[in-house]
Number of protein chains: 2
Amino acid sequence: MPWPTTRKQETRKKILKSAVRLFAQRGFHNVSLGEVMEDAKLTHGAFYAHFSSKQELYNQSVYAATEDSPLAGIMRESEGDLSFNKIVKTYLCSEHVEQKVSPCPLAAFATDVSNQNDDAKQAYSHVFEGLLDILQTRSGGEIPDRQSAMSLAALMIGGVVVSRALNDEEVVDELLEACITKASQLMK
Amino acid sequence: MPWPTTRKQETRKKILKSAVRLFAQRGFHNVSLGEVMEDAKLTHGAFYAHFSSKQELYNQSVYAATEDSPLAGIMRESEGDLSFNKIVKTYLCSEHVEQKVSPCPLAAFATDVSNQNDDAKQAYSHVFEGLLDILQTRSGGEIPDRQSAMSLAALMIGGVVVSRALNDEEVVDELLEACITKASQLMK
DNA sequence: GTCTATAATCTGATAGAC
DNA sequence: GTCTATCAGATTATAGAC
């Protein structure tokens, strides 16, 4: 029985989905377990039938967030290669900055993870390697090597992280456009 | 009397210095006012003679952190222009990632600020514009325009932020080197 | 201005009925 | 597995003596 989709696993997924959205929007300490469970239409006490601690929930959220991230979305849409432009513009857009779409955990969870335990960092590292792999293998050769993929990842994540901390929408648009325009120059 | 350096202002500076280091290392919610005041050799209750709330302390820390940041350091050392290589290598180094030097607030406070009020974002935005200004006016023309400066800032901040969330030192070194190597290509 | 002491609140985690 | 109820600890902010 490889996938015994029990009701418990469905509930666990619901909790994770709520956790991903809330943690990404407000950060680890600005979200209580009560809020997560309420969002998942359960009560506080039921939490510990699914996770051993808030920290474990957060670590699992780092993995879970990859499923609905912007890049996962365009990967589902297109079966073949992703164009470089499509990748960059999907990531560096105001909808992603404002989290009108489910966010990339590498941008949303970065600073929180750096303040947490090694399990969280391991999850983050794993997801980061996954991004590098996608960039290199699904871009039809437009991203030639690991070094290019790494610098592109830093540019994209940095662009979104900084944008979220600015208070001037015009500067945000300017920054996103600058990153989009300059990204291709990293590929040479 | 332009600078009446009273003892109160000295104490305020001491509190800010402790706050910058602790907030940068562990984030807003992982640092208590008690810890900040203890680090500044005072007791908890004395805090409110200097700041009206923890949030105000944090906002002021964003500004205060610029004084000892890596780029402020090399600007004090050299009177003339900074070389592009010096800027990039000073920022994207493991000592900065591990905060063995006083960190740049744009990297250390980014995600926290995005979860806070508009005053914090205003402080962050102001510091960000300051970085763009330094990059453009102090690089001897090696950073030709605002768009180049913006993309470079995103690359540098992103490189440090991601590095702090990874658990594999080798990958961190690889990432920093990738960002350093590729940075110059953004300047064309 | 700085101290000690405490109020008021929040939240992670546990216990036990159903 | 989910619920209600509660414990235990931490933390921001305040009060009042010095």
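Numbers restart at 1 for each chain; the letters A, B, ... are given by sequence-line order, proteins then strands.
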How close or far is atom P of dG12(C) from atom CG of Leu33(A), stated in whole angstroms? 4 Å
Look at all strands and tell whether Val31(A) reaches a base, only sugar-phosphate, or nothing, counting heavy atoms closer than 4.0 Å. sugar-phosphate
Carboxylate-amine/guanidinium contact Asp39(B) Lys14(B), below 4.0 Å: no
Glu35(A) and Arg26(A): salt bridge (charged side-chain N to carboxylate O under 4.0 Å, His left out), yes or no, with the steps? CA-CA 12 Å; Glu35(A) 286 177 292; Arg26(A) 312 213 306 258; 2.5 Å; yes
Pairs of donor and acceptor atoms involving the side chains of residues 181-188 of chain B, under 3.5 Å and at least two apart or interchain, shall be tabulated with distances.
from: Thr181(B); atom 1: OG1; to: Glu177(B); atom 2: O; distance (Å): 2.8
from: Lys182(B); atom 1: NZ; to: Ser148(A); atom 2: OG; distance (Å): 3.1
from: Lys182(B); atom 1: NZ; to: Leu186(A); atom 2: O; distance (Å): 2.9
from: Lys182(B); atom 1: NZ; to: Lys188(A); atom 2: O; distance (Å): 3.0
from: Gln185(B); atom 1: NE2; to: Gln185(A); atom 2: O; distance (Å): 2.7
from: Gln185(B); atom 1: NE2; to: Lys188(A); atom 2: O; distance (Å): 3.4

Check for me whether the distance between the ring centres of Phe23(A) and Tyr58(A) falls short of 6.0 Å. yes
Between the protein and nucleotides 1-5 of chain C, list the N/O to N/O atom pairs that are separated by less than 3.5 angstrom.
from: dG1(C); atom 1: OP1; to: Lys8(B); atom 2: NZ; distance (Å): 3.0
from: dT2(C); atom 1: OP1; to: Thr11(B); atom 2: OG1; distance (Å): 3.3
from: dT2(C); atom 1: OP2; to: His50(B); atom 2: NE2; distance (Å): 2.6
from: dC3(C); atom 1: OP2; to: Thr43(B); atom 2: N; distance (Å): 2.6
from: dC3(C); atom 1: OP2; to: Thr43(B); atom 2: OG1; distance (Å): 2.6
from: dC3(C); atom 1: O5'; to: Thr43(B); atom 2: OG1; distance (Å): 2.8

How long is the line joining NZ of Lys54(A) and P of dG12(C), in whole Å? 4 Å
Length of the line joining Phe47(B):CZ and dT6(C):P, which is rounded to integer Å: 22 Å
Evaluate the criterion side chain to side chain donor-acceptor pair (under 3.5 Å) for residue pair Asn59(A) and Gln55(A); output intermediate values, then yes/no. CA-CA 6 Å; Asn59(A) 297 351; Gln55(A) 182 66 61; 2.9 Å; yes
Rounding to an integer number of Å, can you tell me how far Asn30(A) CG sits from dG12(C) C1'? 16 Å
Which of these nucleotides, dA13(C), dT14(D), dT11(C), is closest to any side-chain atom of Tyr48(B)? dT14(D)
Between His29(A) (NE2) and dT12(D) (P), how many Å, whole number? 11 Å
So which atom in Asp81(A) and which in Thr137(A) form the shortest heavy-atom distance, rounded to 0.1 Å? OD1-O, 4.2 Å
What is the separation between atom CD on Glu56(B) and atom C1' on dA13(D), rounded to the nearest whole Å? 14 Å
